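This report refers to the structure that appears directly beneath it.
Everything quoted here is computed from the prediction, not taken from an experiment. Counting begins at 1 with the first residue of the sequence.
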Amino acid sequence: MKFKKVVSAALIAAMAMTFMAGCGSSNSGGQASSGGQASSGGGDGTVFKIGGIGPVTGGAAVYGEAVKNGAELAVKEINEAGGINGVQIEFNYQDDENDAEKAVNAYNTLKDWNMQMLLGTVTSAPCVAVGEVAQEDNMFMLTPSGTAVDCVKYDNAFRVCFSDPMQGLESAKYIADNNLATKVAAIYDSSDVYSTGIYNAFAEEAENQNFEIVAAEAFTSESKSDFSVQLQKAKDAGAELVFLPFYYSEASLVLKQAAGMNFTPIFFGCDGMDGILAVEGFDANLANDLIFLSPFTPTSEDEVIQKFVQDFEDTYGGTPNQFAADAYDGIYAIKAAAEKAGVTADMSASDICEALKTAMTEITIDGVTAKSLTWETSGEPSKEPMVVKIANGDYAVVE
């Protein structure tokens, strides 16, 4: 396998992003104002009103901030280039603190603002909750990073990112195709839809591959600080690789505790690992040889990606991560679909949604997360995953 260096993504950007945590306005919009329901009322014809929802406070703020900034950058570029069919975009981003109830409250705030389309939400559980009410309103929604299957349960919902099952499936195939191990253990968060969705697909595909899952150990949100029992069972089972389908904060503890037990298998994760090298107090050397899937690399030589990275760094002072990239592509996808469908700013959110349901399946965009990016009627994107390996305390892309 060949490697090339990747600039650290998620929490390098977070240092520059945290000061951007205002949740109501953007460089093209302002605080939400009162108004009629977006599902029945139309816009005023002067702007397209696009809402956004994600965490800008709390433990998942690094993801929500990245989405906010990536979306705002795309809105700024589109408006400077003339908008959508000559009409400017007004973007309003609301904080949900990675909480389903607060996400629905944020959605209602945006409805009162007369939102016509939604980029969001960022994380899976809030996205599923918002999806229920958005479906009732026939509100178009495009989640940049909600990976759970039910995030695109209804025909008004699409996503930019990979689904949980796809990550699990592709992880199992990659491990087998590259003969990384014959005995594999898995540790997963049974209280989290993201983690269980990936693990279940991984376990199902493993039955078709040339390795055996010798230990499958769960934890919950109430027991995510001590992984010694799970690691000991994996070690006793002779696991040569441990699959970790969850976020970098817990993964940093797993790697630290494994080192303390002198347990050194290959560790393999998914897109939630992006940012592990910048966890405060974490020894980055413990992550060497960690492998994970990701849809984006900021060191690509592609001119479109390099322009996005440079513009993002100039604006926010940090390197964009995959969440920023997904949001950036998401706004451009909305633009492409709106122009394909010929929607106008005075249309109701429901009428716009009806038009975009078809248009999303007819567009192709060259984004920063994929070239020739298309969508199925299921709401799923068509693009290939990237494999990243940490080497010498930094990210590298496996070619």
Test item: E376 side-chain N/O and P381 main-chain N/O as donor-acceptor pair under 3.5 Å: no
Would you kindly confirm whether M347 and V87 end up in one hydrophobic cluster when ILVMFWY residues are joined by side chain heavy atoms under 4.5 Å apart? yes
Is it true that atom CD of E132 has more than 12 heavy atoms of other residues, nucleotides or ligands lying nearer than 6.0 Å? yes
State, with a plain yes or no, whether a side-chain heavy atom of L119 is found less than 4.5 Å away from one of I331. yes
Please answer whether the main-chain N or O of T374 pairs with a side-chain N or O of S382 as donor and acceptor at a distance below 3.5 Å. no
In the single-linkage hydrophobic clustering (I, L, V, M, F, W, Y; side-chain heavy atoms under 4.5 Å), do L169 and M386 co-cluster? no
Does D155 come within less than 4.0 Å of K357, counting only side-chain N to carboxylate O? yes
Could you tell me whether K224 and D189 have a side-chain N and a carboxylate O separated by less than 4.0 Å? no
Testing the basics here: between A181 and L241, what is the closest heavy-atom pair and its distance to 0.1 Å? CB-CB, 3.7 Å
Candidate pair S294 and D271, rule side-chain hydrogen bond (donor to acceptor under 3.5 Å, both in side chains), full reasoning: CA-CA 5 Å; S294 178; D271 61 1; over 6 Å; no
Taking atom CE of M141 and atom CD of Q135, what is their separation to the nearest 0.5 Å? 11.0 Å
With C151, the side chain to side chain contact (heavy atoms under 4.5 Å, CB included) member among C161, S145, S124, P126: S124
What verdict does the side-chain hydrogen bond (donor to acceptor under 3.5 Å, both in side chains) test give for Q310 and D314, after you've listed the backbone C-alpha separation in whole Å, the side-chain angles of each residue and the deciding distance to 0.1 Å? CA-CA 6 Å; Q310 188 62 59; D314 290 345; 2.9 Å; yes
Between K76 and E72, is the closest basic N to carboxylate O distance under 4.0 Å? no
For the residue pair F243 and F202, does the interplanar ring angle fall in the parallel (under 30°), tilted (30 to 60°) or perpendicular (over 60°) class? parallel
Hey, can you tell me if Y316 and F312 have their rings parallel, tilted or perpendicular (30° and 60° cut-offs)? tilted
Find out whether K307 and E77 are in side-chain contact, i.e. whether some heavy atom of one side chain is under 4.5 Å from a heavy atom of the other. yes
Between T147 and S163, is there a donor-acceptor pair closer than 3.5 Å when you use the side chain of the first and the backbone of the second? no
Chi angles and distances behind the side chain to side chain contact (heavy atoms under 4.5 Å, CB included) call for Y247, Y194: CA-CA 9 Å; Y247 295 111; Y194 167 78; 3.7 Å; yes
Side chain proximity check, V75 to I50, heavy atoms < 4.5 angstrom: no
Write out all pairs satisfying side-chain hydrogen bond (donor to acceptor under 3.5 Å, both in side chains) with one or both partners inside residues 233-244, taking only residues at least two apart or from two chains. T182-E240, Q232-D236
For residues D289 and I266, report the shortest heavy-atom separation together with the two atoms involved. O-CG2, 4.4 Å
Please test Y248 against V62 for side chain to side chain contact (heavy atoms under 4.5 Å, CB included), starting from the C-alpha separation and ending with a verdict. CA-CA 12 Å; Y248 61 83; V62 62; 3.1 Å; yes
Please report the closest heavy-atom contact between I291 and V387, naming both atoms and the distance. CG2-CG1, 3.5 Å
Report yes or no: do Y154 and V133 belong to one cluster of Ile/Leu/Val/Met/Phe/Trp/Tyr joined by side chain heavy-atom distances under 4.5 Å? no
Test log, rule side chain to side chain contact (heavy atoms under 4.5 Å, CB included), inputs S190 and F219: CA-CA 6 Å; S190 61; F219 66 94; over 6 Å; no
Side chain of T361, backbone of T358: donor and acceptor closer than 3.5 Å? yes
Give a yes or no answer on whether the side chain of E97 reaches the backbone of K102 with a donor-acceptor pair at less than 3.5 Å. no
Shortest non-hydrogen contact between R159 and A148, atoms and distance: NH1-O, 2.8 Å
Can you name the closest pair of heavy atoms from V343 and A355 and give their distance? CG1-CB, 3.6 Å
Common cluster, I84/I365, ILVMFWY with side-chain heavy-atom separation under 4.5 Å: yes
At their closest point, which heavy atom of N85 faces which heavy atom of G342, and how far apart are they? ND2-CA, 4.5 Å
Just by modelled atom types, is the S350 backbone N or O under 3.5 Å from a matching donor or acceptor in the N138 side chain? yes
Quick one: do V193 and Y188 end up in the same hydrophobic cluster if we chain Ile, Leu, Val, Met, Phe, Trp and Tyr together by side-chain heavy atoms under 4.5 Å apart? no
Measuring only between side-chain heavy atoms, which start at C-beta, is T46 closer than 4.5 Å to Q88? no
When I53 is tested against each of D96, V122, N92, T109 for side chain to side chain contact (heavy atoms under 4.5 Å, CB included), which residue passes? D96
Treating S191 as the side-chain partner and S221 as the backbone partner, does any N or O pair qualify as donor plus acceptor under 3.5 Å? yes
Any side-chain heavy atom of V309 sitting closer than 4.5 Å to one from F296? yes
Taking 4.0 angstrom as the limit, do K111 and D137 come out as a salt bridge? yes
Any donor-acceptor pair under 3.5 Å from W113 side chain to N108 backbone: no
Could you give the distance from OG (S223) to CD (Q230), rounded to the nearest 0.5 Å? 7.0 Å
Hey, could you give me the CG/CG distance between L290 and L244, rounded to the nearest 0.5 Å? 7.5 Å
Check whether the side chains of E313 and T319 place a donor and an acceptor atom closer than 3.5 Å, and report yes or no. yes
Going through the distances and angles, do L373 and T364 end up as a side chain to side chain contact (heavy atoms under 4.5 Å, CB included)? CA-CA 5 Å; L373 176 56; T364 301; over 6 Å; no
Measuring from atom CE of M139 to atom OG of S348, what distance do you get when rounded to the nearest 0.5 angstrom? 9.5 Å
Assess whether a salt bridge exists between K335 and E339, defined as any Lys/Arg side-chain N lying under 4.0 Å from an Asp/Glu carboxylate O. yes
Would you mind reporting whether L231 and V254 have side-chain heavy atoms less than 4.5 Å apart? yes
Quick one: do K173 and E205 make a salt bridge, cutoff under 4.0 Å? no
Is it the case that the side chain of D366 and the backbone of S372 share a donor-acceptor pair, with hydrogens and angles ignored and the cut-off at 3.5 Å? yes
Apart from V152 itself, its cluster of hydrophobic side chains linked below 4.5 Å comprises none
Side-chain contact test, heavy atoms from C-beta onward, threshold under 4.5 Å: evaluate it for L293 versus E170 and give yes or no. yes
So does K49 get a backbone contact from the side chain of Q116, meaning a donor-acceptor N/O pair under 3.5 Å? yes
To the nearest 0.5 angstrom, please state how far the CZ atom of F211 sits from the CD1 atom of I213. 6.0 Å
Can a salt bridge be assigned to the pair D326 and K383 using a cut-off of 4.0 Å between side-chain N and carboxylate O? yes
Given side chains that start at C-beta, do those of N179 and N210 come closer than 4.5 Å, heavy atoms only? yes
As an exercise, state the distance from CE of M273 to CZ of F267, rounded to the nearest 0.5 Å. 9.5 Å
Determine whether the aromatic ring centres of residues F268 and F292 are separated by less than 6.0 angstrom. no
